[in-house]
Amino acid sequence: MRVKLILPALTEATSPYWRPIKYSLFPPLGLATLAAYLSPDDVAVLEDEHVMPLTFDDRPDLVVIQVYITNARRAYQLADSYRAQGAFVVLGGLHVTSLPDEAAPHADAIFLGPGEQTFPRFLSDFRAGRAARRYVSTTDRTLDRLAPLRRDLIRRRNYLVPNSIVVTRGCPQHCDFCYK
């Protein structure tokens with residue numbers, strides 16, 4: 001299976017009027033973590049539009065897009081484009097978790113909450129031809145069962161801190177009003 005993982009750029013990250021160095025500090029570790037659950041036979045590509053132009057001459061079977069409020073419009077454009085080409089598109093991230101009904105029309109499946117909890121189940125369902133439209137994780141916020149992330153997919157030279165690590169999962173508070 002051909003899998004493409006995408007972090008779409010924020011508009012200001014590609015504008016000559018903003019300082020793009022801010023967006024090249026850290027690689028997208030969340031997507032690299034999800035890639036760890038792929039089969040060794042899968043061919044995976046991770047593209048971060050903040051530090052490189054996306055390639056569009058590919059034909060992935062599965063496209064995974066991480067969505068923030070600030071890149072949602074771009075993420076939806078990419079998702080719609082890949083769906084039109086016949087790829088199965090999944091969306092996840094803070095924005096999708098906060099506004100699932102907005103994201104759902106642009107995806108074949110959406111992820112609510114930490115994706116590493118539900119991505120392995122999704123992959124099993126997808127390979128069996130019975131992927132659900134929505135995958136919801138529990139409120140369990142631990143890192144102790146994470147698979148080692150796929151650092152081989154990260155183009156290290158594009159980042160100022162390529163060896164960054166994740167040390168916590170979200171905020172320890174559970175406030176109803178907060179976006180995160």
Side-chain angles (χ1 to χ4, degrees), residues 1-18 20 22-24 26-39 42-137 149-150 153-155 158 179-180:
M1 174 170 60
R2 296 176 314 268
V3 182
K4 185 170 190 172
L5 302 109
I6 302 173
L7 180 59
L10 288 65
T11 303
E12 63 268 19
T14 57
S15 168
Y17 302 108
W18 292 81
K22 171 184 176 184
Y23 303 102
S24 62
F26 307 106
L29 298 181
L31 292 173
T33 298
L34 294 184
Y37 296 101
L38 296 171
S39 164
D42 294 331
V43 177
V45 174
L46 192 157
E47 294 185 0
D48 178 353
E49 194 174 28
H50 296 102
V51 298
M52 72 184 74
L54 299 180
T55 58
F56 294 102
D57 59 348
D58 54 354
R59 291 279 184 221
D61 303 302
L62 175 63
V63 176
V64 180
I65 303 176
Q66 187 171 358
V67 187
Y68 299 118
I69 190 170
T70 48
N71 76 1
R73 186 169 291 143
R74 177 69 173 146
Y76 296 159
Q77 289 171 343
L78 293 169
D80 294 343
S81 174
Y82 274 106
R83 287 181 81 200
Q85 295 175 20
F88 191 97
V89 174
V90 301
L91 298 176
L94 287 172
H95 191 65
V96 175
T97 299
S98 297
L99 294 170
D101 294 335
E102 176 189 288
H106 302 281
D108 296 297
I110 59 173
F111 287 78
L112 309 182
E116 66 271 4
Q117 294 178 350
T118 51
F119 199 63
R121 183 168 33 105
F122 159 76
L123 286 172
S124 176
D125 293 349
F126 179 71
R127 292 179 199 286
R130 54 179 167 75
R133 293 273 303 144
R134 184 177 290 213
Y135 289 83
V136 181
S137 69
L149 59 95
R150 293 278 309 271
L153 298 178
I154 296 170
R155 293 183 177 103
N158 292 351
Y179 184 71
K180 289 186 179 183

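These numbers come from a predicted model, not from an experiment.
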Calculate, to the nearest 0.5 Å, the distance between atoms [atom1] and [atom2] belonging to [X] and [Y] respectively.
| X | Y | atom1 | atom2 | value |
| --- | --- | --- | --- | --- |
| D101 | R134 | CG | CZ | 5.5 Å |
| L46 | L5 | CG | CG | 5.5 Å |
| T33 | L149 | OG1 | CG | 4.5 Å |
| H95 | I69 | NE2 | CD1 | 5.5 Å |
| H106 | S81 | NE2 | OG | 13.0 Å |
| Q66 | L94 | CD | CG | 8.0 Å |

Query - side-chain contact (heavy atoms from CB on, under 4.5 Å) evaluation trace for V64 with F119 - result: CA-CA 10 Å; V64 180; F119 199 63; 4.1 Å; yes

Query raised in the report: Below 4.0 angstrom, N of the basic side chain to O of the carboxylate: do R127 and D61 qualify?
Result: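 Judged by the 4.0 Å cut-off on N to carboxylate O distance, R127 and D61 do not form a salt bridge.
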
Requested in this report: With sequence neighbours excluded, tell me which residues meet side chain to side chain donor-acceptor pair (under 3.5 Å) with R83.
Outcome: D108

Report task. Mind checking side chain to side chain donor-acceptor pair (under 3.5 Å) for R59 and listing every partner two or more places apart, or none if nothing turns up? Result ->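 By the side chain to side chain donor-acceptor pair (under 3.5 Å) rule, R59 matches Q85.
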
Considering all heavy atoms, the nearest [X]-[Y] contact:
| X | Y | answer |
| --- | --- | --- |
| P100 | T97 | CD-O, 3.6 Å |
| L91 | A103 | CD1-O, 3.7 Å |
| D48 | P28 | OD2-CD, 3.7 Å |
| Y76 | E102 | OH-OE2, 2.8 Å |
| E47 | T55 | OE2-OG1, 2.6 Å |
| A9 | N71 | O-CB, 3.8 Å |

Query raised in the report: Counting heavy atoms not belonging to R73, are there more than 12 under 6.0 Å from its CZ?
Result: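 No, CZ of R73 has 12 or fewer neighbouring heavy atoms, counting only those of other groups under 6.0 Å.
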
Query raised in the report: Could you walk me through whether L123 and L62 pass the side-chain contact (heavy atoms from CB on, under 4.5 Å) check?
Result: CA-CA 10 Å; L123 286 172; L62 175 63; 4.1 Å; yes

Query - Backbone of P8 reached by a side-chain donor or acceptor of E49 within 3.5 Å - result: no

Query raised in the report: Does A107 offer a backbone N or O that forms a donor-acceptor pair with the side chain of R133 under 3.5 Å?
Result: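 Judged by distance alone, yes, a pair lies under 3.5 Å.
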
Requested in this report: Take V67 and F111 through the side-chain contact (heavy atoms from CB on, under 4.5 Å) test and state the conclusion after the steps.
Outcome: CA-CA 10 Å; V67 187; F111 287 78; over 6 Å; no

Between [X] and [Y], is any pair of side-chain heavy atoms under 4.5 Å apart?
| X | Y | result |
| --- | --- | --- |
| D125 | Y135 | yes |
| L78 | F56 | yes |
| V96 | L112 | yes |

Query raised in the report: Given D58 and Y82, is the side-chain hydrogen bond (donor to acceptor under 3.5 Å, both in side chains) satisfied, shown in steps?
Result: CA-CA 10 Å; D58 54 354; Y82 274 106; 3.1 Å; yes

Query raised in the report: Stepwise, does the side-chain contact (heavy atoms from CB on, under 4.5 Å) test hold for L54 with R74?
Result: CA-CA 12 Å; L54 299 180; R74 177 69 173 146; 4.0 Å; yes

